[in-house]
Peer 1: 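What follows is a single structure, and I will ask about it in a moment.
Letters A, B, ... mirror the listed sequences (proteins, then strands); counts begin at 1.
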Amino acid sequence: MTECCTPTQGHSPTWFLMLEKLLQKLTTAQKKAVLHKEGPLLVLAGPGSGKTRVITYRLAALIHSGVSCHNICAITFTNKAAEEMRQRATALGAAGGAHISTFHSLCVRILRRYARTVGIRVNFSIYNASEQARCIKQAVKDCELDTANFSPARCLNAISALKNKLIDTKTFAEQADDFFTTTLAKIYDCYQRILADNNALDFDDLLLKAAQLLQDNSEVCTELGTRFKYLLIDEYQDTNRAQYIIARCLVLAHNNICATGDPDQSIYRWRGADIRNILDFETDWPDAVVVKLEENFRSTPNILQLADNLIAANKNRKPKKLIATRDPGDDAVITAFEDEKYEATGVAEQIKQLAKDGVSLKDTAVFYRVNAESRVLEEAFIKNKIPYQIIRGTEFYNRKEIRDMLAYLKVLANGDDEIALLRIINTPARGIGKTTINRVRTYADANNISFYNALKKTDGVSSLSKGPRAKIAVFVDMVEALKKDTAGPVAALTERIFVESGIEQALKSAGSEGKDALDNINELINAAANYDKTADEPSLIDYLQQISLFSDVDSYDTAVDRAALMTLHAAKGLEFGNVFIVGVEEGLLPHERTDAEDEDDLEEERRLFFVGITRAKSRLHLSYARYRTFRGQLLRTIPSQFLYELGTGFESYPAQTGSDLDYEPSEPVRPFARGQLVHHNIFGVGTIREFVDTGENSTVTVKFHTGQTKTLMIKYANLTRI
DNA sequence: CATAGCCGCCTTTTT
DNA sequence: GGCGGCTATG
């Protein structure tokens, strides 16, 4: 290894071998730029070029050159990536202690530290999607609006977009000039008030509040800028406005920002990521040194050629070639399967064969566009006895019993969290029903006290009779008793809750029904014990806030020998010897929800496919199913337009029926599928939006390219498929 | 007050 | 196909 760092023995050798190879290929000027301590640096490079390796190397190099690790802040896209960077920096001999985390975790730290300045309390809850949904529903209700026009999802999306652009309620209300925006402004305001009442922040608030704090408070800005003299940001192409502001404020005084990214791998536009952040880097920091890494150390030339051909179809990009460094390998395989069951079985069988040929399962992954596709794959893997792991980290924390347990913890940490409180007040059933809750609620509102405080003073609630009053008292006593124990280890507290809440009792008496839930809670206690052991400064508040920021890939166990199943989004930043991408069909990839007429949306879908393809080191398998069950109905599919862009000469392959499959595909019943292109004599070309099968009188709804949407009777319309 | 059963809406992707 | 929310019943 070069001048500054040497990996300690026996630590993930290939990663360091690659780093060494990469460093050898850097020009002297590039090497100097990477190691140069002062000034802005942008590492602009394609997939598999070692961006993360370079940034990790720089981190270690800074420490080796005498910079205190305390003064370094590295930002990764996921907690998992942060953990890996920490390990690798340590292996490079750079002692731990640098702040390495995601933007969200960093913001939680900042907000806790400056809670008073921000006007929040340190024990704030962090609300996930379902808790957000509850709040937004309440907000729409409070504003006395029709949920038909202001659906929770629509409102949340709109509010999230505003927050990502740093537009707060006040600013938005001032801008609002039509019915929709003024109404949305009201909902936004109401939603924020509800969050505040619950002493809660949503994901976007974490970024928004931290960005506003840094922007508006120069003292805090200076303080943090002094603390973090060097800022490193990985995956910069996926930062949004708020994250950009945070980064800018943090480096205001010293300008030592180092970002890495690839505009072609920007896949989070829908979440507010602004590709201009990376495109304008040199404008934002005019003295920036830009290092371009053009060689790809990951994939075979065959794979890179496809990726290159595909991404070339994006018009809105700076042309960039991927330069292969590896020897040619196998050609990519595109397979058409009869339906999704054949596809899943086919993939499973190929993986089985690979395993027989000596390929390790952990070097194999299957990617798909939507999580719903994982089920049929999972079934096929079970049937074929292939060990696998599905990368969906929130799954565990979304289980009912786990959320119940966590709600108890949340109530203890944050007494104002009414959503958590309502979840546990009658879980397990203790006879406190809707009527009782409403009565207490009314009392709380009338006296302007919190719901929990009202529960403590049921004497005042005249509408309550003796029975419910006693039941509430028992509940309050239990919570109060538990509250006295919140300072100790989280695991012990979790166990106490398990027993004293009656959850254990309820599950045990449920017999075999409660078996899984019992196991899960035991696992939760184990996880909490692990937290107690490993956290820097363990506390209940920190624990809850940390697990709220748990992400999908964080659950990915790289040590076990199992095939990995994940969405294309989750695949970002990873690499595998063998990659299978399934469901490469119109409507799925690109996804139907992306507006086909919106070129930008389509290009992002293409980038997503590009990311998937470029994860593959040696073997790439793409597939689609000719028929796919969608919401219980069998639909005819169309191969993705992207398949034609790969330059493989893909036209259409005969479906593989597979001789040893024990599954017979059902006969397709639908003559017209959603997404099918058709031609009409008068209206011209259009896309099928809906097909209503009523036999002879079946109708189709078609969106024509002229912009108009028509519902037509099939027997009269004389539509031809294109 | 708890539970079973039914209806309607829906999800793209995630920190 | 599945979950949340609503209603009817015990």
Peer 1: Mind checking A:Y268 for me? I need base, sugar-phosphate or nothing, with any heavy atom below 4.0 Å counting as a touch.
Peer 2: sugar-phosphate

Peer 1: Taking only side-chain nitrogens and oxygens of A:N240, does any of them come within less than 4.0 Å of OP1 or OP2 of B:dT15?
Peer 2: no

Peer 1: Using a strict 4.0 Å threshold on nitrogen-to-oxygen distance, state whether A:K165 and A:D274 make a salt bridge.
Peer 2: no

Peer 1: Using a strict 4.0 Å threshold on nitrogen-to-oxygen distance, state whether A:K508 and A:E504 make a salt bridge.
Peer 2: yes

Peer 1: Which sits closer to the 5' end of DNA chain B, A:E604 or A:G433, going by the nucleotide each is nearest to?
Peer 2: A:G433

Peer 1: Tell me whether the rings of A:F642 and A:F609 are parallel (<30°), tilted (30 to 60°) or perpendicular (>60°).
Peer 2: parallel

Peer 1: Mind checking if A:N79 touches a base, just sugar-phosphate, or nothing, with heavy atoms under 4.0 Å?
Peer 2: nothing

Peer 1: NA contact type, A:N371, heavy-atom cut-off 4.0 Å: base, sugar-phosphate, or nothing?
Peer 2: sugar-phosphate

Peer 1: One thing to verify: whether A:D234 and A:K51 come together as a salt bridge, which I'm taking to mean a side-chain N less than 4.0 angstrom from a carboxylate O.
Peer 2: no

Peer 1: Determine if A:F203 stacks with B:dT14; use a centre-to-centre distance below 5.5 Å and an interplanar angle below 30° as the criteria.
Peer 2: no

Peer 1: Which nucleotide in the set C:dG5, B:dA2, B:dT14 lies at the smallest distance from any side-chain heavy atom of A:A429?
Peer 2: B:dA2

Peer 1: Quick one: is B:dC1 close enough that its OP1 or OP2 comes under 4.0 Å of any side-chain N or O from A:R430?
Peer 2: no

Peer 1: Do A:E603 and A:R317 meet the salt-bridge criterion of a basic N to acidic O distance under 4.0 Å?
Peer 2: no

Peer 1: Does A:A372 reach a base, just sugar-phosphate, or nothing at all? Heavy atoms under 4.0 Å.
Peer 2: nothing

Peer 1: Looking only at atom P, what distance separates B:dT13 and C:dG4, rounded to whole Å?
Peer 2: 16 Å

Peer 1: Send over the distance from A:D601 CG to B:dT13 P, rounded to a whole Å.
Peer 2: 15 Å

Peer 1: Could you state the atom-to-atom distance from CG of A:L608 to C1' of B:dT12 in whole Å?
Peer 2: 10 Å

Peer 1: OP1 or OP2 of B:dT14 less than 4.0 angstrom from a side-chain nitrogen or oxygen of A:T567, does that happen here?
Peer 2: yes

Peer 1: Describe the nucleic acid contact of A:T435 in one word from base, sugar-phosphate, nothing, applying a heavy-atom distance below 4.0 Å.
Peer 2: sugar-phosphate

Peer 1: How long is the line joining CG of A:L588 and P of B:dT11, in whole Å?
Peer 2: 17 Å

Peer 1: Taking only side-chain nitrogens and oxygens of A:N128, does any of them come within less than 4.0 Å of OP1 or OP2 of B:dT14?
Peer 2: no

Peer 1: For A:Q132 and B:dT14, give me the distance from atom CD to atom P, rounded to whole Å.
Peer 2: 15 Å

Peer 1: Rounding to an integer number of Å, can you tell me how far A:R392 CZ sits from B:dT11 C1'?
Peer 2: 12 Å

Peer 1: Distance alone, cut at 3.5 Å: any donor-acceptor contact between the side chains of A:Y397 and A:N128?
Peer 2: no

Peer 1: Given B:dA2, B:dT12, B:dT15, identify the nucleotide with an atom nearest to the side chain of A:T102.
Peer 2: B:dT15

Peer 1: What is the distance, rounded to the nearest whole Å, between atom NZ of A:K209 and atom P of B:dT15?
Peer 2: 22 Å

Peer 1: Which one, B:dT13, B:dT11, B:dT15, comes nearest to the side chain of A:H104?
Peer 2: B:dT15

Peer 1: Can you tell me how far P of B:dT14 sits from CD1 of A:I391, to the nearest Å?
Peer 2: 12 Å

Peer 1: I'd like to check, for A:H591, whether its ring lies over the base of B:dT12 with centroids under 5.5 Å apart and a plane angle smaller than 30°.
Peer 2: yes

Peer 1: Taking OP1 and OP2 of C:dC3, is either one under 4.0 Å from a side-chain nitrogen or oxygen of A:K400?
Peer 2: no

Peer 1: Which residue lies toward the 5' end of DNA chain C, A:R375 or A:K434, if each is placed at its nearest nucleotide?
Peer 2: A:R375

Peer 1: Consider only side-chain N and O atoms of A:Y531 and A:D542, and report whether a donor and an acceptor are under 3.5 Å apart.
Peer 2: yes

Peer 1: Starting the side chain at C-beta, find the nucleotide from B:dT15, B:dA2, B:dT12 nearest to A:R369.
Peer 2: B:dT12

Peer 1: Can you measure A:E235 atom CD to B:dT14 atom C1' for me and round it to whole angstrom units?
Peer 2: 14 Å

Peer 1: Please determine whether a side-chain nitrogen or oxygen atom of A:T436 lies at a distance below 4.0 Å from atom OP1 or OP2 of B:dC1.
Peer 2: yes

